[in-house]
Amino acid sequence: MEILIAILIGLLTACGVFLLLRARTFPVVLGLTYLSYAVNLYLFAMGRLTVGRPPVIGSGLPGYTDPLPQALVLTAIVIGFAMTAFLIMLALKARAELGNDHVDGEEER
Amino acid sequence: MSHLVIAPLLLPLCAGIVLLMLRHLDIRLRRALALTAVLAQIGVAVALTRAVADDAILTYALGAWPAPYGIVLVADRLAAWMLLITTILALFPLWHASHGLDTRGRHFHVLYQLQLFGLSGAFLTGDVFNLFVFFEVLLLASYGLVLHGGGGERTRAGLHYVVINLAGSSLFLIAVGALYGLYGTLNLADLARMMPATPAENLGPARAAGLLLFAVFALKAALLPLYLWLPAAYASTSAPVAALFAIMTKVGAYAILRASTLLFGAEAGGLAGLLDAWLLPLALATLVIGLLGVLAARHLREQAAYMVVASVGTLLAAFALGSHAGLAAGLYYLPHSTFAAAAMFLLAERIAAARGAQADRFEVGPRMTGEYWLGALFFCAGILIAGLPPLSGFIGKFLILQAALAHPARAWILAVVLVGGLLALIALARVGSLFFLRVDRHRDDSPALPVPVAPAVGLLLLGLGLTVAAGPVHDFAAQIAEQLLQPRLYIDAVLGGRP
């Protein structure tokens, strides 16, 4: 399972970085979204991967999974959503004001 | 547990919320409210600085959850000093913006207060994850402020600014995740306690996490090679926002200073001095690049933006010395460079308004109305920013060079800082003669935009104040440095002296 998660995070990051380096605003937005998915998965995995355990400590339970990374990921997801929404609005504003969706606001000649 | 520690957070947050609710109120009342809020924050920052001036490090456990399990705010001398500088600086751009900029878009005052909320939080927080959260708060507010007033150029530069900072936030989270995975805690004091005992097999990942954190802070501080976002963003935004942003790069510098003294200080075992190999060469290179930008700039606001880059280089070179004298010199230079850069941005807008169609481009323009006063102010700001005697810039640079004499790389530091000062002087003298001496004979008759000059004068007077009060200010900076070099004090204050 660790290897699968690691490959997944790596793949998402690679896609994110590739798209982030594109010259149009929409791929850049998508790239940042992929990057934040990768980061969220990574943060989540930092509490170590356990299956079928509750995130609480109690007697009579076989063990627990670390709840703190889940709280951190929740915060990161919320912030990431807000940022993505803002970035999309900004990209639309740039498209409207600059007349094209190139990140530098001008087409290559 | 004193509630004074959380007051710098609650004040701007509540002021921001109230301003948002009262958004239909008359603009003059909203301005008065915003200015009152900033004045109150200055009062709180002064009270906090007085409270920590003796040996106390104040902590505030939110919800009374003891550290390291709960969220904790920590006010030591450095945090109080940064708060004081931020709140005092914040008054002047707000005063400037209250002359009309705040009506050229919505929610200027709300965003301004939230920006101050994020800045205060970043200085006071005691754990790495909340540092991330407060960075996001101050960035989100800054995105709004950068774009305030609209315009294509502003949108283009703003897009770059937003994207690079979002990428930086992703890196920050990776570093945070790695630190949690290694140590199981994100509390700064707890991390500092556990880092000396890092097992050998974890040293590699711990180093990687530390350097990732450094990369993120370097991005915020606009250290080479991560400074490219700054000149465009600062030069194209409105003058008061650029003036407020003079403190934004200092947040990165603050975080680097905090990490290098608390986490990677001399007592950190295998991680001690992690940043030392990088910080000094990068800082000096940033200084050089910043000054080349100053020489090559095409208009005054761009030049001021490159001045900010150069001042970050000087500041971090002082911090990189790592010695008591070096840190003290840097902490004296920090308010000086912040106020001087902010004054230059505000003055640039005033000069641009007086020059009519030429604005602040480096071209021969018409004779300005009130050229004597403006010229005198530009002269003062130039002396301040280039670090010439007798003003505070000279004292700051002198202290840094004096501290550098004890460093093995002193030849490099002295050469770069001194030649840099000369380059800045040449660039500013050229601009001054172009703007005020080589003018067209005819006077431009188009009515000048009403841009106030008083806030810029206020900031220059602050520079004068730093010169006059150099003794007490430097003494306090030395006390801050003394506290920083004993991370044990911080750890004990937060964790209550537990083993």
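Keep in mind that what you see is a predicted model, and the values were worked out from it rather than measured. Just so it is clear: chains get the letters A, B, ... in the order the sequence lines come, proteins before strands, and each one is counted from 1.
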Any chance you could measure [X], atom [atom1], to [Y], atom [atom2], to the nearest 0.5 Å?
X	Y	atom1	atom2	value
B/L182	B/T185	CG	OG1	12.0 Å
A/F44	A/D66	CZ	CG	10.0 Å
A/L74	A/I77	CG	CD1	6.0 Å
A/R95	A/K93	CZ	NZ	14.5 Å
A/L87	A/F26	CG	CZ	11.0 Å
B/I71	B/N130	CD1	CG	4.5 Å

task = Against chain B, label A/T13 side chain, backbone, both or neither, depending on which of its atoms sit under 4.5 Å from a heavy atom there.
result = neither

Does any heavy atom of chain A fall under 4.5 Å from the side chain of [X], the backbone, both, or neither of them?
X	result
B/L139	neither
B/L171	neither
B/A157	neither
B/F132	side chain

Counting heavy-atom pairs under 4.5 Å with chain B, which one of [options] comes out on top?
options	value
A/T84, A/V17, A/T75, A/V28	A/T75
A/T25, A/V29, A/L68, A/N40	A/L68
A/L72, A/L98, A/V103	A/L72

query = What option among B/G158, B/G177, B/G184, B/S169 has the most heavy-atom pairs under 4.5 Å with chain A?
reply = B/G177

request  = Mind telling me whether B/F245 and B/Y161 have parallel, tilted or perpendicular rings, with 30° and 60° as the class edges?
outcome  = parallel

